[in-house]
Amino acid sequence: MAVTFYDLSSTSGLKKLDEYLLSRSYITGYQASKDDLTVYAALSTAPSTEYVNVSRWYKHIDALLRISGVSGEGSGVTVKGSLVAEPVATPPAADTKAAAAEDDDDDDDVDLFGEETEEEKKAAEERAAAVKASGKKKESGKSSVLMDVKPWDDETDMKKLEEAVRSVSMEGLLWGASKLVPVGYGIKKLQIMLTIVDDLVSVDNLIEEYLTVEPISEYVQSCDIVAFNKI
């Protein structure tokens, strides 16, 4: 069953996600999947340890991406920018007093997933259509990529190499976690995570036109894609 989360950049959004992960290891199912990558990519930074369950899950997915990638399909997940209350049709004036009394009774037992009236359903459908039309570009597919960046030799300054790599900035590209991995003879490679919007960024072009040309080629000998997963 598809799952929806709202505004993961907010305290309320992270709290809801933390509660959701209280009894779960993954977003859906019993193995890491593209659903986990979708939520992972929606978090701009590592969550605070205040959110114990989210922090545990985030570190686990981050480690999997560094080591082997994530290939499970998942059941489907959606992350939306904010939680907007469902619109409620305005009742006739004669019913206002009764509606107010009913609202008082229901204040402590709000059910966001209760039955909708025909007016609410129609309003929700119209709003969804408007959001889809206005945010089509924003909903473009994303991919999670794990890349190896190799230096020229053991004398290459790996700190400057990473700074040069991260200096590449373009719409639809987000650099993530990284680490240095020994490859032998005192040489280390940079293994770095990135998230791209498929319609805006080509990994091949990123490598050929940015990462392996001057001035970055002063530090970078070559780049290899270790894992590529659609989100």
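Computed from heavy atoms alone, side chains included, the values below leave out hydrogens, waters and symmetry copies. For clarity, every value in this text was computed on a predicted model and none was experimentally measured.
- Grouping the Ile, Leu, Val, Met, Phe, Trp and Tyr side chains by contacts below 4.5 angstrom, directly or via other members, places V220 apart from V213.
- With sequence neighbours excluded, no residue satisfies salt bridge (Lys or Arg N to Asp or Glu O under 4.0 Å) with D157.
- Transitive grouping of hydrophobic side chains (ILVMFWY, heavy atoms separated by less than 4.5 Å) brings V168 and L200 into a common cluster.
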Taking it one step at a time, do L22 and V52 satisfy side-chain contact (heavy atoms from CB on, under 4.5 Å)?
CA-CA 9 Å; L22 177 63; V52 178; over 6 Å; no
Taking it one step at a time, do L65 and L37 satisfy side-chain contact (heavy atoms from CB on, under 4.5 Å)?
CA-CA 9 Å; L65 289 172; L37 294 181; 3.3 Å; yes
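- To the nearest 0.5 Å, atoms CD (Q221) and CD1 (I187) are separated by 8.5 Å.
- Checked against a 6.0 Å centroid threshold, the rings of Y51 and Y58 do not count as neighbours.
- Sorted by first then second residue, the side chain to side chain donor-acceptor pair (under 3.5 Å) pairs that include residues 178-196, not counting sequence neighbours, are D148-K189, D148-Q191, E162-S178, R166-S178.
- Residues meeting the side-chain contact (heavy atoms from CB on, under 4.5 Å) test with E163, sequence neighbours left out: K159, K160.
- The shortest non-hydrogen separation linking I216 to S167 is CD1-OG, 4.3 Å.
- A 4.5 Å side-chain heavy-atom check between T78 and V3 finds every atom pair outside the cut-off.
- Taken from OH in Y210 to OG in S217, the straight-line distance is 15.0 Å, to the nearest 0.5 Å.
- Using a 4.5 Å cut-off on side-chain heavy atoms (C-beta onward), W57 and R24 make no contact.
- The shortest heavy-atom contact between Y26 and H60 is OH-NE2, 2.9 Å.
- Looking at every heavy atom in both residues, T212 comes nearest to I207 through OG1-O, 2.6 Å.
- Partners of D224 under the salt bridge (Lys or Arg N to Asp or Glu O under 4.0 Å) rule, at least two apart in sequence or in another chain, are K150.
- If you run side chain to side chain contact (heavy atoms under 4.5 Å, CB included) between L146 and each of L194, V226, N229, only V226 comes through.
- A continuous path of ILVMFWY side-chain contacts below 4.5 Å connects V149 to I225, so both sit in one hydrophobic cluster.
- Scanning both residues, S33 and T28, for their nearest heavy atoms gives OG-OG1, 3.8 Å.
- To the nearest 0.5 Å, atoms CG (N53) and CG (D18) are separated by 4.5 Å.
- A side chain to side chain contact (heavy atoms under 4.5 Å, CB included) with L211 is found for exactly one of V203, V165, N205, namely V165.
- I192 and M170 fall within the same hydrophobic cluster, where Ile, Leu, Val, Met, Phe, Trp and Tyr residues are linked whenever their side-chain heavy atoms come under 4.5 Å apart, directly or through other members.
- Here the CG atom belonging to D62 is positioned 12.5 Å from the CG atom belonging to D36, to the nearest 0.5 angstrom.
- Looking at every heavy atom in both residues, L206 comes nearest to M147 through CD2-CE, 4.4 Å.
- Taken to the nearest 0.5 Å, the CG atom of L43 stands 9.5 Å off from the OG atom of S9.
- Scanning all heavy atoms of the two residues, the minimum distance from A164 to Y219 falls at CB-CD1, 4.1 Å.
- Judged purely by atom type and a 3.5 angstrom limit, D35 has no side-chain atom pairing as donor or acceptor with the backbone of T38.
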With side-chain contact (heavy atoms from CB on, under 4.5 Å) as the criterion, how do F5 and V77 come out once you've worked through the C-alpha distance, each side chain's angles and the decisive distance to 0.1 Å?
CA-CA 8 Å; F5 297 103; V77 65; 3.8 Å; yes
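- Within a 6.0 Å radius of OH in Y40, other residues, nucleotides and ligands contribute more than 12 heavy atoms.
- Distance check, rounded to the nearest 0.5 Å: CG of L8 to CG of L14 gives 6.0 Å.
- Listed by chain and residue number, K34, S143, D198, F228 satisfy the side-chain contact (heavy atoms from CB on, under 4.5 Å) test with K230 (two or more places apart in sequence, or in another chain).
- Take S25 and apply the side-chain contact (heavy atoms from CB on, under 4.5 Å) test, not counting sequence neighbours, and it matches no residue.
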